[in-house]
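For reference, the structure is listed below as structure tokens.
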Amino acid sequence: MTVKLRFAPSPTGYLHVGNARLALINWLYARKLGGGMVLRLDDTDAERSTEEYALGIQEDLIWLGLEWSELKKQSDRSDAYDAAFTTLRDAGRLYACYETSEELDYKRKRQLARKLPPVYDRAALDLSKDQIAAYEAEGRKPHWRFLLEQNVVVWKDEVRGLVEVDCASMSDPVLIRSDGRPLYHLPSVVDDIDFAISHVIRGEDHVSNTALHIQIFNALGAKVPAFAHLPLLMGPEGGPLSKREGSQSLREMRESGIEAMTVNSLLARLGTSDNVEIRRNLQALVDGFDMGRFSRAAAKFDPAELLNLNAKLLHELDWADVKDRVSLGGASEEFWLAIRKNLAVLSDINDWWQVVEGSVAPVVEDAAFLKVAADLLPDGDFTLESWKSWTTAVKEKTGAKGKELFMPLRLALTGKPHGPGMNTLLPLIGREKTLARLSGKAA
Ligand code: GLU
């Protein structure tokens, strides 16, 4: 079997964390099984879909590293949908309906008042030729419903196990609107058939859609793909993702300095019982990927976790991983290794570059102490040992020890109370700046 998955966003907005998770899991599963992933843009809603969003989605996926093997747009495929429409209509599986939305609303209300499920009553199947002619004369255009077989559709879901959906309690779905536009179901199934999709992974909000899609696959004489429905993301407390968390778009994350592999590492594990572990590249996630680890239990997403993980990731990255993204002329591996453990986001690197190469306003509390320290600086180029020998000499001379000894020196040399080990910073700062800062001058 050729393995092909698809990620099918609607370009009516930028990708948010929930979409990104589906994209990632489709991509990882495709890679794990040695197949590709189609990027399918569900852009049949011409009013709400924009080119800007379509491009934005592609940009975000590229940022995550989730490249697609084929790019398809539903707006290019109306001929295929028309052909499927004709096939289904000729097979008696699509029927024309003329009710207005007010009429349908009224029917539903009456059913509910009688404590009946608000299922479409198939009245359109009984329309006479004359009634149809009268509607057409009135200018009504039909919408088209798919005639469901009223049986139980069963599939083995890769996340939910055996799923059974009773279609007897479902309304025949509208596949084509009265303006001729196909709604989501038909294009989705036709594309899955034409693009030879082997596995459909999507959110559990699609479970009942899948039952009717399976009927459409069958009605079109096509092979039914495998399905996996992932639980939707919840907020940190277990409730639905709040607007703030849920709307967190990938571009917002990117702009706030979160690394793509931080997002990938977290999203690959949400909804499994495995601990989130930082992975430095996608291949490492593919190696550890197992669809069987996902459960039906709610997957909680906590944006605060992203920040913690981001710091962890940066602390592990090598200079080679970041050097092309750092535009600080002269920055070296030595500098990176000295400061990486103090970064929450990569752009924090600028603060430390400022400390070693730029100008710092020293914080001076006891100028006399710093003067003594300046006179005791070791000769020659500073090395990793210089800090130790220097502070030992200052301690002997002044009697200061511990924080009393180290903090005034750190504050003078870096302008900050916390930061990388001074033994690594001192050689990077160098003698000239050290002397100036110890004398209270910005340098
Ligand atoms: N555009 C649909 C959505 O975002 C695709 C669902 C599917 O994967 O079939 O919900």
Side-chain angles (χ1 to χ4, degrees), residues 3-30 35-50 53-54 56-58 60-61 66 68-78 80-81 84 146 153 155 157-160 163 165 173-175 177 181-217 220 222-233 240-241 246-247 249-250 267 271 291 294 299:
V3 170
K4 213 199 270 183
L5 286 88
R6 87 298 196 275
F7 172 54
S10 305
T12 53
Y14 292 117
L15 294 185
H16 56 74
V17 58
N19 307 125
R21 172 171 176 251
L22 285 173
L24 174 69
I25 292 170
N26 272 288
W27 189 92
L28 288 173
Y29 200 33
M37 180 181 87
V38 176
L39 171 58
R40 183 183 98 191
L41 295 170
D42 286 3
D43 58 354
T44 51
D45 183 345
E47 287 107 62
R48 293 175 57 227
S49 302
T50 71
Y53 288 135
I57 289 170
Q58 295 172 60
D60 288 343
L61 290 176
L66 309 180
W68 48 94
S69 48
E70 293 163 62
L71 173 66
K72 304 284 187 181
K73 288 187 178 177
Q74 291 195 325
S75 54
D76 291 339
R77 299 206 5 99
S78 50
Y81 310 144
F146 180 71
V153 173
W155 73 92
D157 194 281
E158 296 200 17
V159 172
R160 301 168 71 83
V163 179
V165 177
V174 176
L175 298 196
R177 300 199 323 178
R181 197 180 94 198
L183 288 165
Y184 155 71
H185 304 296
L186 186 65
S188 183
V189 173
V190 171
D191 288 352
D192 287 341
I193 296 170
D194 289 355
F195 308 155
I197 299 301
S198 56
H199 298 71
V200 172
I201 304 179
R202 56 189 171 195
E204 68 184 2
D205 50 332
H206 283 286
V207 166
S208 56
N209 288 340
T210 293
L212 68 96
H213 289 191
I214 289 175
Q215 289 213 15
I216 303 175
F217 277 103
L220 290 170
K223 189 170 175 305
V224 177
F227 286 98
H229 293 87
L230 290 166
L232 301 182
L233 289 188
L241 268 189
S247 70
S249 67
L250 286 194
L267 295 183
M291 197 65 208
F294 288 88

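Order of listing sets the numbers, starting from 1, for every ligand and every atom in it. Note that the numbering runs from 1 along the sequence shown for the chain.
Ion pair K72/D191 not flagged as a salt bridge, since none of the NZ, NE, NH1 or NH2 atoms sits closer than 4.0 Å to an Asp/Glu carboxylate oxygen.
When the side chain to side chain contact (heavy atoms under 4.5 Å, CB included) test is applied to R181, the partners found at least two apart in sequence or on another chain are D45, E47, R177, D179, L183. Residues meeting the side chain to side chain contact (heavy atoms under 4.5 Å, CB included) test with I214, sequence neighbours left out: V153, W155, T210, N218, V224, F227. With sequence neighbours left out, the side chain to side chain contact (heavy atoms under 4.5 Å, CB included) criterion links P173 to F146, L148, L175, H185, L212.
Ring geometry, Y184 versus H213: the interplanar angle falls from 30° to 60°, so the pair is classed tilted.
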Which N or O atoms of ligand 1 sit under 3.5 Å from a protein N or O, and how far apart is each pair?
residue: ligand 1; atom: 1 (N); partner: A8; partner atom: O; Å: 2.8
residue: ligand 1; atom: 1 (N); partner: S10; partner atom: OG; Å: 3.3
residue: ligand 1; atom: 1 (N); partner: D42; partner atom: OD2; Å: 2.7
residue: ligand 1; atom: 8 (O); partner: R6; partner atom: NH1; Å: 2.7
residue: ligand 1; atom: 9 (O); partner: R6; partner atom: NH2; Å: 2.8
residue: ligand 1; atom: 9 (O); partner: Y184; partner atom: OH; Å: 2.6
residue: ligand 1; atom: 9 (O); partner: R202; partner atom: NH1; Å: 2.8
residue: ligand 1; atom: 10 (O); partner: H206; partner atom: NE2; Å: 3.0

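Put simply, the side chain of N26 never gets that close to the backbone of A23: no donor and acceptor are under 3.5 Å apart.
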